[in-house]
Undergrad: 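One structure, pasted below without further comment.
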Amino acid sequence: MIRTIMVELSTIEAAAYRQKLRGGHSGIVIMRYDTDQPGIATINRKSGEPDPSHNTDLKLFPLEAFKEVMELTSGMPYSRRGKVKLSGEKEDASAQEETADELATVDSAEYEAIVKTYTNRKGELSYDLINKDFIQFAKSSKTVTDMVANHASVDDIRDHVVKVKLESITGNRDLTVAQTQRIVEMLDEVSPRNVFKELNDEIRKMLANR
């Protein structure tokens with residue numbers, strides 16, 4: 001399955017992780033040490049808050065516990081990891097079977113390289129560092145300058161910047177736009193906001209000042 005590492009909670013006696021859920025959502029799975037039934041919540045993309053599933057007992061899995069998981073796993077990169085069971089707990093019915101593309105992306109050298117390059121000592125992806133590095137490249141790139149002069153879209157310019165930077169990090173010159181987009185989507189699953197928000201904003205400024 002595709003998930004973060006396990007974290008131990010102080011709110012309740014439990015362990016937890018973030019995981020990809022059905023429908024492409026990012027979710028939280030909490031497993032208490034004293035019960036077989038896990039507590040599950042999706043992360044609301046609009047509010048950024050956890051939404052516990054209808055069959056999750058909030059007395060056993062209070063909202064504060066889900067918020068603690070979000071804080072502890074904030075910025076943690078996804079990777080392919082084995083299924084987790086505590087005290088004979090039942091399988092998580094809401095977890096999706098990952099697609100071949102998702103597994104290929106999280107296992108790819110490109111995704112691994114960006115995680116390794118921009119992960120801090122806490123094991124968190126540094127989105128500030130990612131954006132700073134990518135913005136610096138965008139400002140120095142003649143190709144980006146030409147794209148801005150030719151009124152290219154923000155998405156096209158960002159995709160070019162990300163693709164070239166990934167090629168530079170990994171040495172792989174055969175990345176496709178589709179592969180690049182899947183990597184961005186996987187990073188977005190971890191980020192509490194659009195992973196390249198600052199880069200997008202900077203590109204918009206460049207286009208506005210052309």
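For this chain, numbers begin at 1 and follow the sequence in order. Quantities reported herein were computed from a predicted structural model and do not represent experimental measurements.
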Undergrad: Would you find a donor on one side and an acceptor on the other, under 3.5 Å apart, between the side chain of R18 and the backbone of M70?
TA: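 Yes; at least one donor-acceptor contact below 3.5 Å.
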Undergrad: Spell out, as yes or no, whether a donor-acceptor pair under 3.5 Å connects the side chain of T56 to the backbone of I40.
TA: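 Flag set: sc T56 to bb I40 pair under 3.5 Å.
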Undergrad: Do any pairs count as a salt bridge (charged side-chain N to carboxylate O under 4.0 Å, His left out) and have a residue in residues 62-78, sequence neighbours left out, and if so which ones?
TA: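 Residue pairs passing salt bridge (charged side-chain N to carboxylate O under 4.0 Å, His left out), neighbours aside: E49-K67.
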Undergrad: Can you sort out the partners of E167 under side-chain hydrogen bond (donor to acceptor under 3.5 Å, both in side chains), two or more places apart, ordered by chain and number?
TA: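 Residues passing side-chain hydrogen bond (donor to acceptor under 3.5 Å, both in side chains) with E167: K163.
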Undergrad: Which atom pairs, donor and acceptor, lie under 3.5 Å between side-chain atoms of residues 134-142 and protein residues at least two apart or in another chain?
TA:
residue: S140; atom: OG; partner: Q136; partner atom: O; Å: 3.2
residue: S140; atom: OG; partner: F137; partner atom: O; Å: 3.0
residue: S141; atom: OG; partner: T143; partner atom: N; Å: 3.3
residue: S141; atom: OG; partner: V144; partner atom: N; Å: 3.2
residue: K142; atom: NZ; partner: D146; partner atom: OD2; Å: 3.1

Undergrad: Under the 3.5 angstrom rule, does the side chain of D133 hit a backbone N or O of L129 as a donor-acceptor pair?
TA: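 No; zero donor-acceptor contacts below 3.5 Å.
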Undergrad: Using modelled atom types only, decide if a donor and an acceptor are shared between the side chain of N200 and the backbone of V195 within a distance under 3.5 Å.
TA: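 Judged by distance alone, no pair lies under 3.5 Å.
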Undergrad: Rounded to the nearest 0.5 Å, what separation is found between the OG atom of S26 and the CZ atom of R45?
TA: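 Here the interatomic distance stands at 7.5 Å.
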Undergrad: Please answer whether the main-chain N or O of A152 pairs with a side-chain N or O of N150 as donor and acceptor at a distance below 3.5 Å.
TA: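 Between the backbone of A152 and the side chain of N150 there is no qualifying donor-acceptor contact (under 3.5 Å).
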Undergrad: Less than 4.5 Å apart, any side-chain heavy atom of Y118 and any of I169?
TA: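 Yes, their side chains come closer than 4.5 Å.
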Undergrad: Measuring only between side-chain heavy atoms, which start at C-beta, is L72 closer than 4.5 Å to L9?
TA: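 Yes, their side chains come closer than 4.5 Å.
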Undergrad: With side chains defined as the heavy atoms from C-beta onward, is the minimum distance between I157 and H160 less than 4.5 Å?
TA: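 Of all side-chain heavy-atom pairs linking H160 with I157, none is under 4.5 Å.
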Undergrad: Is the backbone of L60 close enough, under 3.5 Å, to the side chain of R32 for a donor and an acceptor to pair up by distance?
TA: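 Confirmed, R32 side chain pairs with L60 backbone.
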Undergrad: Between I43 and I28, is there a side-chain heavy-atom distance shorter than 4.5 Å?
TA: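 Yes - at least one pair of side-chain heavy atoms lies under 4.5 Å apart.
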Undergrad: Working to the nearest 0.5 Å, report the span between CD1 of I114 and CE of M186.
TA: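 Between atom CD1 of I114 and atom CE of M186 there are 12.5 Å.
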Undergrad: Does either side chain, that of N55 or that of S53, offer a donor lying less than 3.5 Å from an acceptor on the other one?
TA: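 N55 vs S53: donor-acceptor pair found between side chains.
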Undergrad: Would you mind telling me which of L187, L125, I2, T105 makes a side chain to side chain contact (heavy atoms under 4.5 Å, CB included) with Y78?
TA: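 Passing option: I2.
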Undergrad: Between T73 (side chain only) and M76 (backbone N and O only), is there a donor and an acceptor less than 3.5 Å apart?
TA: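 No: the side chain of T73 does not pair with the backbone of M76.
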